Amino acid sequence: MLFEVKELCGPNVPRVSFALAAGEVLPVRGESGVGKSQMLRALADLSPHEGEISLGGVEQQSIPATDWRRQVALVPAESGWWADTVAEHFPSPPSETWWERLRLRAALWESPVERLSSGERQRLAVLRALALKPRVLLLDEPTANLDRDNAEAMAGLLLDYLRDQGAAAVWISHDPREIDAHGDRWLEMTPEGGVLHGTV
Ligand SMILES: Nc1ncnc2c1ncn2[C@@H]1O[C@H](COP(=O)(O)OP(=O)(O)OP(=O)(O)O)[C@@H](O)[C@H]1O
C-alpha cells in the first residue's frame, strides 16, 4: 500500500484507519465540525496526533516534516499566500497544460494575490501543490468555490494527475456526486471514529 493510516487520533480528530493504493481516491464526508480538516492536518504532520502513518512503508516519524509535506501535500480549504504576486509562490512556472486545463487566464501569473477571486485562489493553490509532485494529496473541498464547469475541470486534472503519477488522494467533499464519481470506497467521519463504506 502507498499510504497507510492506523489508529490515527488527536485533538479534534476521531480515531480512523485506512490504506490507499497508488492511484486511489478516498472521498471523505461527515457533518460540519466532526474533524475532517483536522484529520488532514494530522496526516500532513501539522498537528499533534497518535497512531501510525506511513508512506511507501516508511513511517512519518522517520521523515523530516518538511520532506513529508512535500510528498504528502495538503491543499487547505483556505490557502495561505505570503508574497505579493502569484508568480512569487511558484519555484518555477507550472505546466502550461495544467494552467489551461484549470481555465486560468495568462494574466493571473503576474497578478497581485489580493486581487484573486476565491475560485482563482483555490485553483492556484492546487497548482502549487501539484508542482511539488506529491505522492499523496490531501484535498479539503478543492471545488468548494468553483462553478460546475470549473469544478469538473479541477476534478479531471486531479484524477489524471493521480493516475499518471501513481499518487493517492484523501478528498473531503460535501458533494455526493463528486464522491460517487471519484471512488468505490468512501470514509464517513463520525464523532465516534471513521467508518469505511463501499467495496474493500
Ligand atoms: N485551532 C483550533 N483550536 C481548537 N479547536 C479547533 C481548531 N481548529 C478547529 N478546531 C475544532 O476542531 C473541530 C473539528 O474541526 P474541523 O475543521 O476539522 O471540522 P470539519 O469536519 O472539517 O468541518 P467543516 O465540514 O465545517 O469544514 C471543530 O469543533 C473545530 O471547532
Side-chain angles (χ1 to χ4, degrees), residues 3-20 24-55 60-61 65-66 68-82 102 113 116-130 134 136-148 150-152 154-155 158-159 162 167-198:
F3 192 55
E4 284 193 84
V5 177
K6 289 185 196 154
E7 301 285 315
L8 172 69
C9 65
N12 301 306
V13 182
R15 191 171 296 272
V16 60
S17 300
F18 60 85
L20 296 183
E24 194 176 0
V25 181
L26 183 66
V28 180
R29 272 200 285 184
E31 66 178 284
S32 180
V34 76
K36 303 181 297 297
S37 301
Q38 293 299 312
M39 173 184 72
L40 293 194
R41 286 183 58 79
L43 294 173
D45 203 8
L46 282 164
S47 60
H49 54 275
E50 292 171 23
E52 290 172 27
I53 307 174
S54 61
L55 177 67
Q60 190 185 58
Q61 293 97 310
T66 46
W68 179 265
R69 283 179 216 134
R70 212 169 292 136
Q71 298 187 71
V72 181
L74 173 64
V75 183
E78 284 178 24
S79 49
W81 300 85
W82 54 89
L102 288 185
V113 169
L116 299 175
S117 75
S118 54
E120 287 166 345
R121 275 174 197 248
Q122 194 160 33
R123 284 177 283 161
L124 288 163
V126 167
L127 275 193
R128 254 169 46 196
L130 293 186
V136 177
L137 277 166
L138 306 172
L139 303 166
D140 199 342
E141 301 193 57
T143 60
N145 296 308
L146 304 180
D147 59 78
R148 202 177 70 185
N150 273 301
E152 281 176 5
M154 167 76 82
L158 287 167
L159 292 171
L162 299 175
V170 183
W171 185 322
I172 299 175
S173 171
H174 285 290
D175 182 349
R177 283 168 309 172
E178 220 167 50
I179 284 169
D180 289 345
H182 296 171
D184 300 332
R185 293 192 301 160
W186 60 280
L187 175 67
E188 180 183 13
M189 291 296 280
T190 77
E192 291 73 38
V195 181
L196 276 172
H197 296 270

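These numbers come from the heavy atoms of this one structure, side chains and all, not from hydrogens, waters or symmetry mates. Counting convention: from 1, in listed order, for ligands and their atoms alike. Just so you know, these numbers come straight off a predicted model, no measurement behind them.
Judged as a ring pair (Phe, Tyr, Trp, His ring centres under 6.0 Å), and not counting sequence neighbours, the contacts of Trp81 are His89. By the side-chain contact (heavy atoms from CB on, under 4.5 Å) test, Glu78 pairs with no residue at all, sequence neighbours left out.
The side-chain contact (heavy atoms from CB on, under 4.5 Å) test with Trp171 is passed by exactly one of Val28, Leu187, Leu158: Leu158.
Within 4.0 Å of ligand 1, heavy atoms belong to protein residues Asn12, Glu31, Ser32, Gly33, Val34, Gly35, Lys36, Ser37, Gln38, His174.
Relative orientation of the Phe3 and Trp68 rings is tilted, given thresholds of 30° and 60° on the angle between their planes.
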Taking distance alone, no hydrogens or angles, what donor-acceptor pairs closer than 3.5 Å link side-chain atoms of residues 36-43 to residues at least two apart or in another chain?
{"residue": "Lys36", "atom": "NZ", "partner": "Gly30", "partner atom": "O", "Å": "2.9"}
{"residue": "Lys36", "atom": "NZ", "partner": "Glu31", "partner atom": "O", "Å": "3.2"}
{"residue": "Ser37", "atom": "OG", "partner": "Asp140", "partner atom": "OD2", "Å": "2.7"}
{"residue": "Arg41", "atom": "NH2", "partner": "Leu46", "partner atom": "O", "Å": "3.3"}

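With Arg69 contributing its side chain and Ala44 its backbone, the two residues share a donor-acceptor pair below 3.5 Å.
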